[in-house]
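We count ligands from 1, going down the list as the structure has it; atoms in each ligand are counted the same way. Both backbone and side-chain heavy atoms feed into the values below; hydrogens, waters and symmetry mates do not.
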Amino acid sequence: MKRESHIRSLFEPRSVAVIGASAKPGKIGYSVVRNIVQGGFKGKIFPVNPQGGEILGLPVHASVAAIGEPIDVASVIVPAKLAFSAVKDCADSGVKNIQIITSGFSEIGEVELERRIVDYARSRGARILGPNIFGVFSATSHFNSTFSASAITPGRVAILTQSGALGIAMIGKTAVENMGLSTIVSIGNKADIDEADCLEYVMEQEETRVILMYIEGVKDGERLIERVRGATWKKPVVVVKSGRSRRGALAAASHTGSLAGSDEIFDAVMKQCGVMRAESLQEAFDWCKFLANAPEPKGTSGVIVTNGGGVGVLATDACEKYGVELYDDQGALKEVFAPVTPDFGSTKNPVDITGGANSAAYNLALSATAAHPAMHCTMALYCETATFDSENLVPMLRATYDAHDKAGKPVVYAVVGGAPVEDAIVTLRKENIPVYGDTYSAISCMGSLHRYHRFNRERDDQIDLADIDVAAIDAVIDGALADGRGFLLANEGQSVMRAAGIPIPGAAIAKGMDDAVAQARAIGYPVVMKVVSRDILHKSDAGGVALDIENDGEVVDAYQAIMRNCRAYKPDAIIDGIEICEMVAKGTELIVGARRDPQMGPIVMCGLGGIYVEVMKDVSFRAAALSRGEALKMLSEIRSYALLLGVRGEDQKDIAPVVDTIIKAATIIRSVSRITDIEINPVVVYEKGMGIKAVDVRILVRK
Ligand code: ACO
């Protein structure tokens, strides 16, 4: 059976068994049966409890096997110690999906029990949702197998949540907000089915117009990336993720690792996929509710109409922050708004119809924006004034919202004032009119709408790969692993660079003093000399580096000094030789890195390099599945990008080979699974046409 249809059977089952169904109100096993029955589910419902009897008029079966009919979903609500045997009975009876509401598994360290349950179910072709969940709701099938206390109003927003408690709270909040749900599913410990699987369902579900995900941690980032990329083509996806902590990152082994606080990677990758990350649940709810109802804007130009200069300025700032462009044809603005704007107001955008404006003035101004073909969205602001006919506030907002609705044009309102204004907000939000008590909240919603459509207009899902010699890289790694090392030596790192076609300075390993002189002559002075030793990772600290060596005599002196220093630093260090390198001319120093992130999979990084890399933290990240265009975008996001464009009359730097290097690093990390971290620092970038040099590279490998 195809996976898609399997996941659909979890949300739209034809039959459901409740294992641990209870006749006692107040127990979860009772609430689930009640919600399935009262939710209007049209399929068959089989309560299961060895005690038998009846629950809500339904006969109770002694076991799943006793049902004797095919079961699409079984909801397991027995204590954890009975869960394996309950799942076994279900899987042996051919149940397709088993949702385990029970807690007490990996979340409290019972990892082995959870793994045994999943392994057994999978071996019988069953999938597990949970454990530690509150259940599933789908408006399509009127299926509510949650133990939510309140009924769920059907609507257009799908919620996938890792936290069950938060999910239940969100059901309550959606009711208050009058935000109907198309689906809500709690994924819990996601021992088997995860958010990527559930996305597969909601992205195709007709009722869903917006998807909201609450994520605590990602287990299989590569799959999630692939799914959200597919989902954002079809509908907006909003995510709230907890855990911005950097503690985990401190343990990372390389610079790339320590810079890559996993939250920053998550953030960057979600943006790359067109997922909109909300800062808070309230922001996420505001966006989802707005996105579920707002029409697609026909263009990018917005108009702000206000009766207060201050909020007008606030709104203008918010438009810049949230990416809403403002209509700028001064002639047209004057023509449209002069009839409702006193001389001391302003027809410039923000249009200030002044504190004397009443509901009639607002009606006129907002009907005009609704009707104007070049004004694509409206942000209407109202500050409570003594001159406004406040009894007409709600009718004015309703009427102008309807005018926009009829014109297929998005509008948001920010209204500020006392109790009557607050009451108006509550009343109108229940009618799904996008009214907010704060300018930034209103405009962040409008921004989310524009951001979603702009992303899809400009999106670039192409994956560019470079032509690299994977066999040569594998051979280098074989050598390092055979040697018992989890990292590559400098010369091995250079071999990897050569295999990927990344330009490196001329270099050779000298095995003795005479060889060092010969190699230095062959490379050409000036040169740099560095110790090569698996026992000395930080060469400068050991006095194992000599710069700017100009002639044969200096080679001899430096050779002796390095040997002496390194022996003193670590007497038992095995020294494989001295590396003689071309002395690289100065240029702009960048860092390019790639790593296999434990959560998000292969990622790439670029940023300002050299010795300040960790101080400046001027870096950007992407999933390693990216195009050259995206690599350039990533580079242009760093603050130091201006240095590459050339400052104070400098020539522009050679950006194209930097983009090549990013793509090559991405290709290595995607194609060579034994490499976990690559860090090329510095990548020295010269003027346009003069190329780059990858001066130093650190590569970590694993078996
Ligand atoms: N097959 C079917 N029914 C059985 C079986 C069996 N093999 N064995 C026992 N039962 C019956 C019991 O007789 C009982 O029925 P009864 O009410 O008629 O007596 C019923 O199953 C439940 O068993 P209890 O021992 O009474 O367990 P209880 O209901 O107290 O707790 C529960 C079970 C709810 C699964 C509990 O162990 C648990 O995990 N609670 C937490 C649930 C949770 O919060 N999940 C996360 C949700 S998300 C969030 O964070 C809110």
Side-chain angles (χ1 to χ4, degrees), residues 16-36 45-68 71 73-93 95 98-110 113-114 117 120-121 128-137 144-150 152 159-174 184-195 198 213-217 242 281:
V16 54
V18 181
I19 321 300
S22 175
K24 298 165 190 152
K27 295 190 76 169
I28 294 182
Y30 174 82
S31 303
V32 170
V33 177
R34 182 203 57 205
N35 283 348
I36 297 172
I45 309 167
F46 303 106
V48 176
N49 189 317
Q51 296 170 47
E54 232 183 46
I55 301 174
L56 294 165
L58 296 166
V60 177
H61 297 258
S63 66
V64 191
I67 296 172
I71 306 290
V73 170
S75 179
V76 171
I77 319 168
V78 294
K81 61 179 188 303
L82 303 177
F84 180 81
S85 124
V87 169
K88 183 174 179 302
D89 291 349
C90 291
D92 289 346
S93 304
V95 173
I98 304 165
Q99 53 172 59
I100 306 177
I101 287 184
T102 312
S103 302
F105 299 91
S106 63
E107 81 280 10
I108 57 156
E110 294 288 345
L113 174 59
E114 188 172 293
I117 286 176
Y120 192 87
I128 298 285
L129 178 69
N132 191 27
I133 59 165
F134 71 74
V136 166
F137 165 79
N144 179 0
S145 69
T146 72
F147 56 89
S148 156
S150 51
I152 303 174
I159 299 181
L160 319 181
T161 170
Q162 199 171 339
S163 158
L166 200 56
I168 293 205
M170 286 197 271
I171 292 176
K173 195 165 163 56
T174 54
I184 182 162
V185 54
S186 126
I187 300 156
N189 298 1
K190 44 183 171 181
D192 178 17
I193 290 173
D194 63 8
E195 51 276 283
C198 296
M213 293 197 289
Y214 170 78
I215 295 182
E216 282 166 3
S242 54
L281 268 184

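- For the pair V60 and Q51, the minimum side-chain heavy-atom distance is 4.5 Å or more.
- A heavy-atom distance below 4.5 Å is found between the side chains of L281 and L166.
- The contact set between ligand 1 and I19, taken as ligand atoms under 4.0 Å from a residue heavy atom, comprises 1 (N), 2 (C).
- Closest heavy-atom contact between S145 and V32: O-CG1, 3.7 Å.
- Put simply, the side chain of D92 reaches to within 4.5 Å of the side chain of Y120, judged on heavy atoms.
- Distance from atom 47 (C) of ligand 1 to its nearest protein heavy atom, with residue and atom name: I133 O, 3.0 Å.
- Counting heavy atoms only, P79 comes closest to atom 23 (O) of ligand 1 of the residues G26, G104, G20, P79.
- At least one heavy atom of P50 sits less than 4.0 Å from an atom of ligand 1.
- Near K24, meaning under 4.0 Å from any of its heavy atoms, are these atoms of ligand 1: 16 (P), 17 (O), 18 (O), 19 (O).
- With hydrogens left out, the protein atom closest to atom 13 (O) of ligand 1 is Q51 NE2, 2.9 Å, a heavy atom.
- Considering G52, G130, G164 only, the shortest heavy-atom separation from atom 48 (S) of ligand 1 involves G164.
- Contact annotation: the side chain of N49 never approaches that of I55 to less than 4.5 Å [non-hydrogen atoms, C-beta and beyond].
- When only interatomic distances are considered, the shortest N/O to N/O separation between F134 and ligand 1 does not fall below 3.5 Å.
- With a 4.5 Å cut-off on side-chain heavy atoms, I19 and C90 count as touching.
- Between S22 and ligand 1, a contact under 3.5 Å exists for at least one N or O pair.
- Atom 46 (C) of ligand 1 has as its closest protein heavy atom N132 OD1, 3.3 Å.
- Around atom 11 (C) of ligand 1, the closest heavy atom drawn from I55, N49, V48, V64 belongs to N49.
- Among protein heavy atoms, the minimum distance from atom 10 (N) of ligand 1 is reached at V78 CG1, 3.9 Å.
- With hydrogens left out, the protein atom closest to atom 45 (N) of ligand 1 is I101 O, 2.9 Å, a heavy atom.
- Shortest contact from atom 50 (O) of ligand 1 to any protein heavy atom: A165 N, 3.4 Å.
- The protein atom (non-hydrogen) at minimum distance from atom 41 (C) of ligand 1 is S103 OG, 3.5 Å.
- Atom CD1 of I128 and atom CD1 of I193 lie 8.0 Å apart (nearest 0.5 Å).
- Atom 7 (N) of ligand 1 lies below 4.0 Å from none of the non-hydrogen atoms of the protein.
- The backbone N or O of V78 sits less than 3.5 Å from a side-chain atom of T102, completing a donor-acceptor pair.
- No side-chain heavy atom of F46 sits under 4.5 Å from any side-chain heavy atom of V64.
- Protein non-hydrogen atoms do reach within 4.0 Å of atom 15 (O) of ligand 1.
- Here the side chain of N132 pairs no donor or acceptor atom with the backbone of G188 at under 3.5 angstrom.
- Contact detail for G167 and I184: the closest heavy-atom pair is O-CD1, 3.8 Å.
- With ligand atoms numbered from 1 in the order given, ligand 1 contributes 47 (C) to contacts under 4.0 Å with heavy atoms of F147.
- Listed by number with element, the atoms of ligand 1 under 4.0 Å from a non-hydrogen atom of I28 are 34 (C), 42 (C).
- Across I159, V185, T161, a single residue satisfies side-chain contact (heavy atoms from CB on, under 4.5 Å) together with C198, and that is V185.
- Protein heavy atoms are absent from the space less than 4.0 angstrom from atom 36 (C) of ligand 1.
- Listed by number with element, the atoms of ligand 1 under 4.0 angstrom from any heavy atom of K27 are 16 (P), 17 (O), 19 (O), 24 (P), 26 (O), 29 (O).
- A donor-acceptor pair is defined here as one N or O able to donate and one able to accept, closer than 3.5 Å; such a pair exists between the side chain of E107 and the backbone of G104.
- Considering T146, I168, I77, L82 only, the shortest heavy-atom separation from atom 22 (C) of ligand 1 involves I77.
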